[in-house]
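Just below is one structure, and these are the notes that go with it.
Each chain gets a letter, A, B and so on, in the order its sequence line appears, and its residues count up from 1.
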Number of protein chains: 2
Amino acid sequence: MQNSEAMALSAALLAVAGELTQRIHEGVVARGFEGVRPAHGFAFARLAPGGATVTELAAHLGVTKQAASQLVDEIVRKGYAERRPHPADARARLVVLTEQGWACTRAAEEAAAEAVGPWVELLGEGEVRALRDRLLRIAPYGPIRPAW
Amino acid sequence: MQNSEAMALSAALLAVAGELTQRIHEGVVARGFEGVRPAHGFAFARLAPGGATVTELAAHLGVTKQAASQLVDEIVRKGYAERRPHPADARARLVVLTEQGWACTRAAEEAAAEAVGPWVELLGEGEVRALRDRLLRIAPYGPIRPAW
DNA sequence: GTGAATGGTCAAGCTGCTTGACTATATGCA
DNA sequence: TGCATATAGTCAAGCAGCTTGACCATTCAC
């Protein structure tokens, strides 16, 4: 594949990702969840299954644990999560979503569906599913980092 | 399309975009261009055709013109671009790439091709082209914003 | 010609991240 | 068991990149 083609693919990918992030964020805000940033959504995704420690969250987000701890401070203060004693390690604390945190996560899913809607209209549902499947196959396992 | 499917698509897209950005950046640094950030690449892309004003660059990047001006300061100081008087407007200044700026842009294209290489191996060239075409059709015209 | 709009910069401030230092608990090994 | 080392987390300070606000020079509209 030519360099220019690879660059066009990259640019399109980053442009679409940036717009998608913005639209999801706007949709979440429109549903009444204020003071929440896109990065919080990535944190919620990691906390959702059954909670996580600050260190695990830091690894997931690709930042230092101090930064992750500050982020947790913020979402705790705003009522989206809470810190509980860790059941198996007295050093650690388990960060879990509150009901408001879950509601915000559901709002983000709705907003995502809304943002993807135009793609379905433009490409058709099958094509969008194909897009998803291809992306899932090349998606990394590592931390979720910002696009720039 | 279900909310959860839209969310999976979004997450995969953002993960791939984040990893791609990081790999291109690493590739550029590996080619000897230090002190350059991913955001500079988006600026170079806008400057490449025939230069641009600070205000145009700000619109392209989705930041204030003060921020764009600071970014231009930086890439000028590092030798990637220079400010010239604007041929048609004495208020404005045309920011153009230097030869080093062009070299860095070519390095970014090479790095992009390198980063996309594994996708071609995994999906095949036709599938990657299909991915590019679909992304290009849903790519926005607006500013290139960071993914989060 | 004159008032409003536009391109650009300077200065100050804020936010979110980093590095460095530290405490408390857990783990590995003599 | 006891002690050295590693790990979870926090506090504090600093920094980078962005924002808002103010300002000057030039251009545009009428």
Side-chain angles (χ1 to χ4, degrees), chain A residues 18 21-22 25 29 34-44 46-47 50-78 80-96 143-148, chain B residues 18 21-22 25 29 34-44 46-47 50-78 80-96 143-148:
Chain A
T21 302
Q22 194 172 344
H25 181 245
V29 170
E34 293 186 16
V36 67
R37 288 178 290 120
H40 296 152
F42 292 95
F44 290 2
R46 181 65 183 80
L47 297 178
T53 66
V54 163
T55 298
E56 288 166 347
L57 200 52
H60 176 68
L61 297 176
V63 298
T64 60
K65 55 185 182 175
Q66 292 92 324
S69 185
Q70 289 174 12
L71 190 148
V72 170
D73 283 344
E74 193 180 343
I75 61 179
V76 165
R77 180 161 36 80
K78 291 176 178 167
Y80 294 106
E82 56 186 25
R83 290 186 222 248
R84 294 187 183 164
H86 196 285
D89 189 337
R91 294 171 303 178
R93 324 221 280 172
L94 195 63
V95 182
V96 297
I144 304 294
R145 304 244 44 179
W148 56 306
Chain B
T21 302
Q22 196 173 343
H25 180 246
V29 171
E34 292 187 17
V36 66
R37 289 178 289 119
H40 296 154
F42 292 95
F44 290 3
R46 180 65 183 80
L47 298 179
T53 66
V54 163
T55 299
E56 287 165 347
L57 200 53
H60 178 70
L61 297 175
V63 298
T64 61
K65 55 185 182 174
Q66 292 92 324
S69 185
Q70 288 174 12
L71 190 147
V72 170
D73 283 345
E74 195 180 342
I75 61 179
V76 165
R77 180 160 36 83
K78 291 175 177 166
Y80 295 107
E82 56 186 25
R83 290 186 223 248
R84 293 188 183 163
H86 195 286
D89 188 337
R91 295 170 302 177
R93 323 224 275 170
L94 195 62
V95 182
V96 297
I144 304 294
R145 304 244 42 180
W148 57 302

Would you give me the side-chain donor-acceptor pairs under 3.5 Å for residues 55-64 of chain B, sequence neighbours excluded?
residue: B/E56; atom: OE1; partner: B/T53; partner atom: N; Å: 2.9
residue: B/H60; atom: NE2; partner: B/F42; partner atom: O; Å: 3.4
residue: B/T64; atom: OG1; partner: B/A67; partner atom: N; Å: 3.2

Please report the shortest heavy-atom distance between [X] and [Y], naming the atom on each side.
X     : Y     : result
B/R46 : B/A52 : NH1-CB, 3.8 Å
B/A81 : B/L47 : CB-CD1, 4.5 Å
A/A68 : A/V54 : CB-O, 3.8 Å

In 5'-to-3' order, the base (B), backbone-only (S) or no-contact (-) status of each nucleotide in nucleotides 2-15 of chain D, using a 4.0 angstrom heavy-atom cut-off, is ----BBBBBB----
For the helix from C/dG1-D/dC30 to C/dA30-D/dT1, what angle lies between the axis at the first five pairs and the axis at the last five pairs, to 10 degrees? 30°
Please report the distance, rounded to the nearest Å, between [atom1] in [X] and [atom2] in [N].
X     : N      : atom1 : atom2 : answer
B/I75 : D/dA16 : CD1   : C1'   : 17 Å
A/F42 : C/dG16 : CZ    : P     : 16 Å
B/E74 : C/dT9  : CD    : C1'   : 17 Å
B/L61 : D/dC18 : CG    : C1'   : 12 Å

For A/R83, check side chain to side chain donor-acceptor pair (under 3.5 Å) against everything at least two apart and list the hits. A/D73
Name all residues meeting the side chain to side chain donor-acceptor pair (under 3.5 Å) criterion together with A/R37; count only those two or more places apart in sequence or in a different chain, and write none if there are none. A/H40, A/E74
Just how far is it from atom CD1 of B/I75 to atom CZ of B/F44, taken to the nearest 0.5 Å? 5.0 Å
Can I get a per-line list of side-chain donor-acceptor pairs under 3.5 Å for residues 89-96 of chain B, giving both atom names and the distance, sequence neighbours left out?
residue: B/D89; atom: OD1; partner: B/R91; partner atom: N; Å: 2.9
residue: B/D89; atom: OD1; partner: B/R91; partner atom: NE; Å: 3.2
residue: B/D89; atom: OD2; partner: B/R91; partner atom: NH2; Å: 2.9

